[in-house]
Amino acid sequence: MFGRSRSWVVGQGKSKNIHSLDHLKYMYHVLTKNTTVTDHNRNLLVETIRSITEILIWGDQNDSSVFDFFLEKNMFAFFLNILRQRSGRYVCVQLLQTLNILFENISHETSLYYLLSNNHVNSIIVHKFDFSDEEIMAYYISFLKTLSLKLNNHTVHFFYNEHTNDFALYTEAIKFFNHPESMVRIAVRTITLNVYKVDNQHMLHYIRDKTAVPYFSNLVWFIGSHVIELDKCVQTDEEHKNRGKLSDLVAEHLDHLHYLNDILIINCEFLNDVLTDHLLNRLFLPLYVYSLVGQEQSEDRKINPQVSLYLLSQVFLIIHYQPLVSALADVILNGDLSMFSVQAEHNAHKSSANTGVRRFTKPVESLERSLEMNRQRGRKKTQKRPNYKNVGEEEEEEREIPKSS
């Protein structure tokens, strides 16, 4: 007892040297004495978390015992406990900002492993923040982006759990793919690209099987809806009063195409197959090419032929994935465009079971709903008791899946 008391005295005596193990011990003492957030200790706790972060960043470069102590005392659990107390936006913002600074400045992988152990970071990722608050949203998505920059074959196992089929860093991020704030959407694109670049087959199989179709189908619908908005701006702006808005819409669409190309040139074969299928059959052919063939009245949306030609030219200029570009060029130059006739359209309506029908249609389920349904199915599958029918099924499925080149 007296020995422990002396250690705190030592910590307090050296508190002027904030970059030290002793000061971290003192900060730990502060946390243990303030486990409940109140109006009186809110500022103290925020400053304590900031000080701990500074010590950890210093320790990453100078003293590994800092991380030994941090892990031994499970200090990350205090951060999570503070967050779960609904202690107000000020604390949430400061905590997210501090965590972002911490992970941005950690350079040694061993230090990173210390921080990612015990799954506390994933608990923070899935925490129900008030995303209607712009500042919280900004710091949250920035935190996810910082974490995604740390992904590699070694660290991905801290985020993707193949036994429970959970990958919160990815699935929570893509829910904001159509956020009204452009900086949030850009951050989501960066996160997804950082994920796709990690050559971990189990993780990529999970993305293909559980998230690729819902994400890409909703992404294609979002891009197509943006194209229709762009087209309306062109057709209603005869006096060229909305040049600024039109320029913004065009720039945003070109950003979409560059993002799609960035995914495709990663050259993950089975992801490219899914994305190419959705782009051809749910966007480029039914919305762009369709608009070049007659102007009969139909239920399907169409855009101005001049707008369509411009957009197609940008597709060929920006996207460099040969299978997609070749297939699109083949339909335009050599294809039987009668497939887009009103009669063919009528047949497509009647044959809803035909998955090859090319239509620009809104996904039946929202992305968030689809992800939740797939997550529940994944959990049920992991709870299935072994029998002669399912033992070894997963291993056989993985052997049949082609590896990315």
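With rounding to the nearest 0.5 angstrom, the OG atom of Ser123 is 9.5 Å from the CZ atom of Phe76. One finds the CZ atom of Phe167 at 8.0 Å from the OH atom of Tyr206 (value rounded to the nearest 0.5 Å). Taking CZ of Phe143 as the reference point, atom OG1 of Thr98 lies at 11.0 Å (rounded to 0.5 Å). Atom CG of residue Asn119 and atom CD1 of residue Ile124 lie 10.5 Å apart, to the nearest 0.5 angstrom. Here the CG-OH distance, from Leu71 to Tyr113, works out to 14.5 Å after rounding to the nearest 0.5 Å. With rounding to the nearest 0.5 angstrom, the CG atom of Asn374 is 8.5 Å from the OG1 atom of Thr211.
Between the Glu135 side chain and the Tyr90 main chain, no donor and acceptor come within less than 3.5 Å of each other. Remark: the backbone N or O of Asp60 is not paired with any side-chain donor or acceptor of Ser64 at under 3.5 angstrom. Between the Asn161 side chain and the Thr164 main chain, a donor and an acceptor come within less than 3.5 Å of each other. Judged by distance alone, with hydrogens and angles left aside, the side-chain atoms of Asn81 form a donor-acceptor pair with the main-chain N or O of Thr35 at under 3.5 Å. No donor-acceptor pair under 3.5 Å is formed between the side chain of Asp277 and the backbone N or O of Asp273. When atom types are taken as modelled, the side chain of Asn17 and the backbone of Ser20 share no donor-acceptor pair closer than 3.5 angstrom. In this structure, His320 contributes its side chain and Ile318 its backbone to a donor-acceptor pair below 3.5 Å. The closest donor-acceptor contact from the side chain of Arg185 to the backbone of Pro180 lies under 3.5 Å. Side-chain atoms of Asn261 do not come within 3.5 Å of backbone N or O of Leu257 as any donor-acceptor pair. The main-chain N or O of Asn304 is found under 3.5 Å from a side-chain atom of Asp231 such that the two form a donor-acceptor pair.
Heavy-atom minimum distance, Leu151 versus Val156: CD2-CA, 4.0 Å. Across all their heavy atoms, Val126 and Ala168 have their closest contact at CG1-CB, 3.6 Å. The minimum heavy-atom distance between Phe67 and Leu56, with the atom names listed, is CE1-O, 3.3 Å. Minimum interatomic distance between Phe360 and Val220 (heavy atoms only, all atoms of both residues): CE1-O, 4.0 Å. Ile55 and His23 get closest at one heavy-atom pair: CD1-CD2, 3.6 Å. Scanning all heavy atoms of the two residues, the minimum distance from Thr192 to Arg189 falls at OG1-O, 2.8 Å.
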**Request:** Evaluate the criterion side chain to side chain donor-acceptor pair (under 3.5 Å) for residue pair Asp68 and Ser65; output intermediate values, then yes/no.
**Result:** CA-CA 5 Å; Asp68 293 333; Ser65 65; 5.7 Å; no
**Request:** Could you go through the ring-ring contact (aromatic ring centres under 6.0 Å, His included) check for Phe270 and His205 one step at a time?
**Result:** CA-CA 8 Å; Phe270 43 77; His205 292 159; 5.3 Å; yes
**Asked** Given the rule in the side-chain contact (heavy atoms from CB on, under 4.5 Å) test, do Leu147 and Ile125 qualify, once you have shown the distances and angles that lead to the verdict?
**Response** CA-CA 10 Å; Leu147 291 174; Ile125 292 173; 3.9 Å; yes
**Request:** Check step by step if side-chain contact (heavy atoms from CB on, under 4.5 Å) holds for Leu96 and Phe129.
**Result:** CA-CA 11 Å; Leu96 285 171; Phe129 291 97; 3.8 Å; yes
**Prompt:** Between Ile207 and Tyr196, is a side-chain contact (heavy atoms from CB on, under 4.5 Å) present by the stated rule, with each step listed?
**Reply:** CA-CA 9 Å; Ile207 289 176; Tyr196 300 153; 4.0 Å; yes
**Asked** Ser182 and Glu252: side chain to side chain donor-acceptor pair (under 3.5 Å), yes or no, with the steps?
**Response** CA-CA 9 Å; Ser182 63; Glu252 177 71 13; 6.0 Å; no
**Message:** Set out, in order, the CA-CA distance, both residues' side-chain angles and the distance that settles side-chain contact (heavy atoms from CB on, under 4.5 Å) for Leu112 and Leu116, then state yes or no.
**Reply:** CA-CA 6 Å; Leu112 187 61; Leu116 294 176; 3.8 Å; yes
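In this structure, Asn62 and His19 have side chains that are not in contact, with every pair of non-hydrogen atoms separated by 4.5 Å or more. Side-chain contact between Ile18 and Ser51 is absent, with no heavy atoms from C-beta onward closer than 4.5 Å. The side-chain heavy atoms of Asn152 and Glu109, taken from C-beta on, include a pair separated by under 4.5 Å. Between Met75 and Leu24 the shortest side-chain heavy-atom distance falls below 4.5 Å. Side-chain atoms of Ser366 and Arg369, non-hydrogen and from C-beta on, do get closer than 4.5 Å to each other. Counting heavy atoms from C-beta on, the side chains of Val91 and Leu45 never come closer than 4.5 Å. Gln94 places a side-chain heavy atom less than 4.5 Å from the side chain of Arg50. Contact of the Leu264 side chain with the Leu271 side chain is not registered, since no non-hydrogen atoms from C-beta on lie closer than 4.5 Å.
In the displayed structure, Glu72 atom CD is contacted under 6.0 Å by more than 12 heavy atoms of other residues, nucleotides or ligands. Sparse packing is recorded around NZ of Lys145, with 12 or fewer heavy atoms of other residues, nucleotides or ligands lying under 6.0 Å away. Taking a 6.0 Å sphere around CD of Gln314, one finds it holds more than 12 heavy atoms contributed by other residues, nucleotides or ligands.
Judged as a ring pair (Phe, Tyr, Trp, His ring centres under 6.0 Å), the pairs with a partner in residues 242-269 (not counting sequence neighbours) are, in order, Phe222-His256, His226-His256.
With sequence neighbours excluded, the residues that form a side-chain contact (heavy atoms from CB on, under 4.5 Å) with Asn218 are Phe177, Pro363, Leu367.
No option in Val198, Leu204, Asn165, Asp166 other than Asn165 meets the side chain to side chain contact (heavy atoms under 4.5 Å, CB included) test with Tyr160.
The ring of Tyr28 has its center closer than 6.0 angstrom to the ring center of Phe69.
Asp199 and Gln201 share a side-chain donor-acceptor pair at under 3.5 Å. Side chain to side chain, His120 and Asn74 meet the donor-acceptor criterion of an N or O pair below 3.5 Å.
Aromatic ring orientation, Phe176 versus Phe131: perpendicular (interplanar angle above 60°, classes split at 30° and 60°).
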